[in-house]
Amino acid sequence: MENVGNVRVRYAPSPTGPQHLGGIRTALFNYLFAKKNGGTFVFRSEDTDQSRFVPGAEDYITDSLRWAGITVDEGLNVGGPYGPYRQSERKELYREYAMQLITSGHAYYAFDTSEDLEAMRTRMTAQGNPSPAYDHITRQYMQNSLALPKDEVEKRLAAGDPYVIRIMMPRNEEVKFNDIVRGWVVFNTNQLDDKVLFKSDGMPTYHLANVVDDHLMHITHVIRGEEWLPSAPTHVMLYRAFGWEDTMPQFAHLPLVLKPEGNGKLSKRDGDRLGFPIYTLDWENPLTGEKISGLAERGFLPEAYTNFLALLGWHPGGDTEVMDPDALLEAFSLERVGKSGARFDPEKAKWINQQHLKMKSDKELAALLEPVLTRMGITSDAEYVERVCGLMKERAVFVPDLYEQGKYFFSDTFDYDSKTIAKKWKKDRANLFENLTERINLLQVCKSAELEQLVHAFMEEHELKMGDVMPMLRIALTGTLQGPPVYDVMEVLGKEKSVTRLQNGWKVFNQMI
RNA sequence: GGCCCGUUCGUCUAACGGUUAGGACGUAAGAUUUUCAUUCUUGAAAUAGGGGUUCGAUUCCCCUACGGGCUACCA
């Protein structure tokens, strides 16, 4: 590819709140495409709607990207040659470009109030037009610089009447572009309306701002969600109007991320409904106090996150789906992005996290578990935590499971599985178990293999079956029937603690039945 | 309603005109395991429907159905 090194893509969210995983997926695809082509990943804040601005949202998105390992090369908080990267700070720029379009006859002033627009819509609806639009026909009857006498327009402008600037969509022109994931997409300008480019509050709309900025920032590929497809022709027309068509970026409209069940694209509320976070990090809306929970805090691994995010709408083609970030980068290509919406599957996401968890070393897991333990008020020897992780990792899906499913490694008090005790504990065998416990206590090396040997010999000697002994040992040691091999548990617990728990267990068991 | 996009197992998907339509998640059965989990084996499970084009369509074209997106001085 001759383009290598010149690729520039951008992730340009609107800071109206936290971005759920669909947004991060868009960022990821941009990032992977940039890295893959030796290009630059730009991060820009599209905060042109001040009424929807939510404080903290920009930082939240920045933190989400950082946590997911998506590094920004240029943009907000990073800087770069084409800043500022916050659109509100580029405000004056857009006015100039809007004026340029007015001068060249590609745009016009419109003075219609929201009441005027409302009236127009109800009138047209009443006339049987189901989708009223401010288009090449409607504009003839509205309060704009095309329909009004010239002196009236100048008077209104001079008087400081509020106005917007609209694109003048030409009649009956074909607009087509070659979308990287969808192929040729064709529209006719007759179906396009005269979108507002510049608002009466002095801010540009998305349409103007994204085109101007993408041009000025030398963006080569616009990779965004499919919800933008219908406005893409307007953007193409804008490039044409500015005379930038020859350097217009290539478009790639990504399939949408859909709800796990039912229909529609994934939305804000789905997370709580599913009991599975769809946001990256915990967040509390400073305006409303509303809280959402994040995958990171839930114990999701960043590399698992990007792995399954990548699989939402993209597929490597082969049989390998579990990939670390390097493998993901190696395998990624826009050509392999599918066209149809991808349903978010929490079950598969869990499985992928489990796979990544299993690939980690005991030491890495211990480090990840540390904050969880600290939060629980537990301080434990690092090496001990490592050994616990080694035993628990086959059973864990999320990091906290390492602790949740093995609490007995960190506390001497726990509930006993009374149902099994009632069923299996024989009072007349109590002294046998006490005897076994003593033998264990006499052991010089309290290792898994030695313990196994000892217990087996004991069982043979007293004609006891595995089922008679093992569950009892397990419950006395951990309280539950589930868990790692008993001998391993004892080895990690250590002889002293194991013996104490066993002795205590027999006592309690006798009282329980 | 209009415009646009889409449609392979329940879900994510592979198969760039010729395959017994493959894999993964989930699911069912079994093996291993003192238990749980892991692991392994096996099974069930799909080309939306109808027309074309072609020697041959999952694949190309058209229609229908269904799904989705957009339809703001929001992005």
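Just so it is clear: chains get the letters A, B, ... in the order the sequence lines come, proteins before strands, and each one is counted from 1. Predicted model, so just to flag it, every value in this text is computed and none were measured.
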Opposite nucleotide pairing with [N], Watson-Crick or G-U, both atom distances under 3.5 Å:
N	value
C60(B)	G52(B)
C9(B)	none
U20(B)	none
A28(B)	U42(B)

Quickly work out the [X] [atom1] to [N] [atom2] distance and round it to whole Å.
X	N	atom1	atom2	answer
Met490(A)	U34(B)	CE	P	14 Å
Lys259(A)	C12(B)	NZ	P	15 Å
Asn190(A)	C4(B)	CG	P	12 Å
Met237(A)	C3(B)	CE	P	19 Å
Lys348(A)	G10(B)	NZ	P	15 Å
Ile352(A)	G23(B)	CD1	C1'	13 Å
Met323(A)	G23(B)	CE	C1'	13 Å
Phe276(A)	U11(B)	CZ	C1'	14 Å

Sorted by position of nearest nucleotide on RNA chain B, 5' first, the leading residue of Gly318(A) and Gly338(A) is Gly338(A)
For [N] versus [M], give the span between their [atom1] atoms, rounded off to a whole number of Å.
N	M	atom1	answer
C5(B)	C62(B)	P	11 Å
G23(B)	A46(B)	P	14 Å
C9(B)	A21(B)	C1'	11 Å
A45(B)	U35(B)	P	32 Å
G18(B)	A75(B)	C1'	48 Å
G68(B)	U8(B)	P	14 Å
G22(B)	U33(B)	C1'	32 Å
A14(B)	G52(B)	C1'	27 Å

Going 5' to 3' through [range], assign each nucleotide B (protein heavy atom under 4.0 Å from a base atom), S (under 4.0 Å only from sugar-phosphate atoms) or - (no protein heavy atom that close).
range	result
nucleotides 70-75 of chain B	S--BBB
nucleotides 35-45 of chain B	BBBSS------
nucleotides 60-67 of chain B	-------S

Mind checking if Phe187(A) touches a base, just sugar-phosphate, or nothing, with heavy atoms under 4.0 Å? sugar-phosphate
Aromatic centroids of Phe29(A) and Phe332(A) separated by under 6.0 Å: yes
Measure from the ring center of His207(A) to the ring center of Phe198(A) and say whether it is less than 6.0 Å. no
If you restrict it to nitrogen or oxygen atoms, what contacts under 3.5 Å exist between nucleotides 29-32 of chain B and the protein, and what is each distance?
none

Just by distance, with hydrogens left out, do Glu321(A) and His315(A) show a side-chain donor and acceptor under 3.5 Å apart? yes
Donor on one side chain, acceptor on other, His253(A) and Arg182(A), under 3.5 Å: no
Counting heavy atoms from C-beta on, name the nucleotide in C4(B), U13(B), G26(B) closest to the side chain of Val185(A). C4(B)
Which nucleotide in C3(B), G6(B), G23(B) has an atom nearest any side-chain atom of Asp319(A): G23(B)
Could you check which residues of [range] get a heavy atom under 4.0 Å from RNA chain B? Sort them by number, please.
range	result
residues 458-470 of chain A	Met466(A), Met470(A)
residues 303-317 of chain A	Leu311(A), Gly313(A), His315(A), Gly317(A)
residues 446-453 of chain A	none

Quick one, Arg10(A) and Ile223(A) - any side-chain contact, counting heavy atoms below 4.5 Å? no
What I'd like to find out is whether the side chain of Val42(A) reaches to under 4.5 Å of the side chain of Ile219(A), using heavy atoms alone. yes
Residue from Glu303(A), Glu394(A), Glu386(A) passing salt bridge (charged side-chain N to carboxylate O under 4.0 Å, His left out) with Lys360(A): Glu303(A)
The salt bridge (charged side-chain N to carboxylate O under 4.0 Å, His left out) partner of Asp270(A) among Lys259(A), Arg343(A), Lys265(A) is Lys259(A)
Enumerate, atom names and distances included, each donor-acceptor pair closer than 3.5 Å involving a side-chain atom of residues 11-20 of chain A, sequence neighbours excluded.
{"residue": "Tyr11(A)", "atom": "OH", "partner": "Gln19(A)", "partner atom": "OE1", "Å": "2.6"}
{"residue": "Tyr11(A)", "atom": "OH", "partner": "Gly23(A)", "partner atom": "O", "Å": "3.2"}
{"residue": "Ser14(A)", "atom": "OG", "partner": "Glu46(A)", "partner atom": "O", "Å": "3.4"}
{"residue": "His20(A)", "atom": "ND1", "partner": "Gly22(A)", "partner atom": "N", "Å": "2.9"}
{"residue": "His20(A)", "atom": "NE2", "partner": "Leu266(A)", "partner atom": "O", "Å": "3.1"}

List for me each residue that meets salt bridge (charged side-chain N to carboxylate O under 4.0 Å, His left out) alongside Lys426(A), sequence neighbours excluded, and say none if there are none. none
With a distance cut-off below 6.0 Å to the six-membered ring centre and an angular limit of 45° from the axis, does Arg298(A) pair with Phe398(A) as a cation-pi contact? yes
With a cut-off of under 6.0 Å to the ring centre and 45° to the axis, is Arg156(A) in cation-pi contact with Tyr163(A)? no
Show me the donor-acceptor pairs, under 3.5 Å and distance only, between side chains in residues 91-99 of chain A and residues at least two apart or in other chains.
{"residue": "Tyr94(A)", "atom": "OH", "partner": "Arg90(A)", "partner atom": "NE", "Å": "3.4"}
{"residue": "Tyr94(A)", "atom": "OH", "partner": "Asp213(A)", "partner atom": "OD1", "Å": "3.1"}
{"residue": "Tyr94(A)", "atom": "OH", "partner": "Asp213(A)", "partner atom": "OD2", "Å": "2.7"}

Is Arg395(A) salt-bridged to Glu404(A), cutoff N-O under 4.0 Å? no
Between Arg52(A) and Asp49(A), does any NZ, NE, NH1 or NH2 come within less than 4.0 Å of an OD or OE carboxylate oxygen? yes
Residues at least two apart in sequence or cross-chain that pass side chain to side chain contact (heavy atoms under 4.5 Å, CB included) with Met248(A), listed by chain then number, are Val236(A), Tyr239(A), Phe251(A)
Set of side chain to side chain contact (heavy atoms under 4.5 Å, CB included) partners for Asp417(A), sequence neighbours left out: Lys419(A), Thr420(A), Ile475(A), Leu481(A)
Apply side chain to side chain donor-acceptor pair (under 3.5 Å) to Thr138(A) and Asp135(A), showing your working. CA-CA 5 Å; Thr138(A) 321; Asp135(A) 59 16; 2.7 Å; yes
So, is Arg336(A) near the phosphate of A15(B), with a side-chain N or O under 4.0 Å from OP1 or OP2? yes
Trace of the ring-ring contact (aromatic ring centres under 6.0 Å, His included) decision for Phe344(A) with Phe308(A): CA-CA 9 Å; Phe344(A) 165 60; Phe308(A) 103 85; 5.7 Å; yes
